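Scroll down for the structure; my scribbles are underneath it.
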There are 2 protein chains.
Amino acid sequence: MSHLAAPPIAATETRRPGSAERRAMILAVAHELFLDQGFEGTSMSEVAARLGGSKGTLYAYFDSKEALFEALITDNCARMSAQLFEGPEDTGLEQRLLAIARGYIRLVTSDMAVRMIQILAAEARRRPELGRMFYEAGPAVALDRLSAIVAAAIADGTLDADDPRLAAETLLSLARGKLHLKRMLGQIPEPDEATIDACARRAVAQFLRLCRPIAP
Amino acid sequence: MSHLAAPPIAATETRRPGSAERRAMILAVAHELFLDQGFEGTSMSEVAARLGGSKGTLYAYFDSKEALFEALITDNCARMSAQLFEGPEDTGLEQRLLAIARGYIRLVTSDMAVRMIQILAAEARRRPELGRMFYEAGPAVALDRLSAIVAAAIADGTLDADDPRLAAETLLSLARGKLHLKRMLGQIPEPDEATIDACARRAVAQFLRLCRPIAP
DNA sequence: TATGCACCGTACCGTACAGTACGGTCAATC
DNA sequence: GATTGACCGTACTGTACGGTACGGTGCATA
């Protein structure tokens with residue numbers, strides 16, 4: 001009936017039974033199902049079945065369906081940020097812009113991110129903080145990196161713009177293009193690497209035409 | 001048990017009882033509830049209650065919840081297209097571009113469109129054709145109008161670009177900016193007219209810098 | 001006044017799902 | 001060999017919803 005003894009040491013969360021691997025397994029299954037079928041479209045029984053376990057275990061690790069979902073989103077956002085930081089090169093300005101543009105397009109049109117946006121957008125009314133997590137972990141990260149690069153380029157005269165942040169936004173907007181909206185609405189499949197590259201190159205070229213200082 | 005006599009004249013749809021006004025009333029209520037709470041989040045009982053009617057009547061006008069939802073989307077898409085065609089002016093190029101950019105931003109960040117995208121995105125897996133309807137009725141319409149204007153401007157030398165359609169897409173991408181994504185994720189409220197105007201002006205200015213022919 | 005019809009109100013059916021309860025199994029630990 | 005605890009399997013509760021059935025009401029027309 002009542003808890004007689006408190007657990008010896010509280011872990012990062014409330015007292016929980018099992019191993020971190022088990023938790024990761026649950027999250028992996030949840031990832032697969034939630035991203036495929038959405039939040040409402042996925043039942044906890046389904047998660048348990050796919051896990052090869054029982055609902056009891058599920059609820060031992062996560063207090064509710066919502067809690068599991070939020071943990072999943074948190075997890076995925078962390079993964080996203082990490083992915084965006086891949087391959088920071090020490091090359092010229094154009095190459096660095098290209099790398100970021102490519103990474104940004106790749107991320108933002110990937111099946112995972114698109115599904116996340118689709119689901120988070122649908123839940124935006126009830127849980128805007130999840131949308132915020134996504135934005136901070138994805139687009140905001142790209143924007144920060146890009147702003148820094150642009151600011152440096154403005155400082156040494158390679159670029160010309162009033163506001164580095166606004167300029168960075170311009171490049172990302174050009175990079176997204178219509179790809180993103182069409183992806184969100186399920187009108188096109190995940191673009192291949194060639195398409196991503198073409199979009200990134202076009203965006204960077206346009207950006208440079210906008211922000212290259214006119215030769216004096 | 002069986003239908004003995006067919007109705008005298010089939011209306012635009014299958015034989016249906018009541019008036020077009022009644023249908024419109026149902027759609028109005030459905031609009032309010034579906035856009036506010038989403039498809040799964042809205043129950044037919046709720047629609048009937050808000051209507052001040054009964055579920056029986058609801059199902060007399062629409063075969064299923066899905067049918068009602070699709071009718072609503074169709075309805076809203078038609079309204080959207082109409083809205084985009086407001087105020088075609090006979091002014092200079094820049095003013096015409098500005099008008100379209102403003103109309104596009106206003107539409108694509110409006111509460112109605114954002115809610116529609118949020119809901120349609122969530123349903124994109126199961127019913128991509130609804131997403132297509134939205135795209136065709138909104139963004140594609142703006143793109144068509146803009147392409148025509150850009151093509152004409154290229155023809156008479158006012159603009160310089162290889163592909164008018166691609167150029168038009170560039171303008172729309174610049175216009176959307178980050179506003180759209182943040183709106184989708186529920187991070188910012190509907191922008192006011194001043195914000196819309198500022199975004200439109202910036203987008204058009206950048207577009208013209210990209211596509212103005214360099215003086216020979 | 002009688003007939004038909006759109007509509008209301010309500011009760012109902014079948015199903016699906018979140019969350020709980022509980023007995024039993026297996027492995028590690030003591 | 002006994003205890004502990006994570007876990008399974010299953011059954012269960014309560015609730016919500018899509019959709020149907022049906023008797024009754026009020027208005028229109030014949």
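In the text below, chain A, chain B and the rest are named by the order of the sequence lines, each starting its count at 1. Note that the coordinates shown come from a computational prediction; the quantities given were computed from them, not determined experimentally.
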- Residue closer to the 5' end of DNA chain C, A:Phe39 versus A:Gly56 (nearest nucleotide): A:Phe39
- Query: So, are B:Glu129 and B:Arg132 salt-bridged, with charged N and O less than 4.0 Å apart?
  - Reply: no
- Item | Nearest-Å distance for atom pair CG/C1', residues B:Leu58 and C:dG9 | 14 Å
- Nearest whole angstrom, please: distance from the P of D:dG18 to the CD of B:Glu66. 11 Å
- Message: Rounded to whole Å, how long is the line connecting atom OH of A:Tyr59 with atom C1' of D:dC8?
- Response: 17 Å
- Note on the structure: In whole angstroms, the gap separating C1' of D:dG19 from CG of B:Asp63 amounts to 12 Å
- Could you give the CD-to-P distance, from B:Glu40 to D:dG18, as a whole number of Å? 9 Å
- A:Gln118 to A:Arg183 - nearest heavy-atom pair and separation: NE2-O, 3.7 Å
- Query: What nucleic acid atoms does A:Ser54 come within less than 4.0 Å of, heavy atoms only: base, sugar-phosphate, or nothing?
  - Reply: base
- Task: Taking only the side-chain nitrogens and oxygens of B:Arg22, find out if one of them lies under 4.0 Å from OP1 or OP2 of C:dC7.
- Result: yes
- Query: Where the side chain of B:Tyr61 is concerned, which of D:dA6, C:dC8, C:dA6 is the nearest nucleotide?
  - Reply: C:dA6
- Please tell me which of the listed nucleotides, D:dA11, D:dC7, C:dC8, lies nearest to the side chain of A:Thr57? D:dC7
- Item | Protein-nucleotide distance (A:Phe62, atom CZ; C:dT20, atom C1'), rounded to Å | 19 Å
- Taking all non-hydrogen atoms of both residues, which atom of B:Pro191 and which atom of B:Thr109 are closest, and how far apart? CG-OG1, 3.4 Å
- Message: Would you call the rings of B:Phe34 and B:Phe39 parallel, tilted or perpendicular, taking 30° and 60° as the class edges?
- Response: parallel
- Most 5' of B:Gly52 and A:Lys65 on DNA chain C, judged by nearest nucleotide: B:Gly52
- SB check B:Glu190 B:Lys182 (cutoff 4.0 Å): no
- Query: CG of B:Leu68 versus P of D:dC17: gap in Å, rounded?
  - Reply: 16 Å
- Item | Spacing between B:Lys55 atom NZ and C:dC7 atom C1', to the nearest angstrom | 16 Å
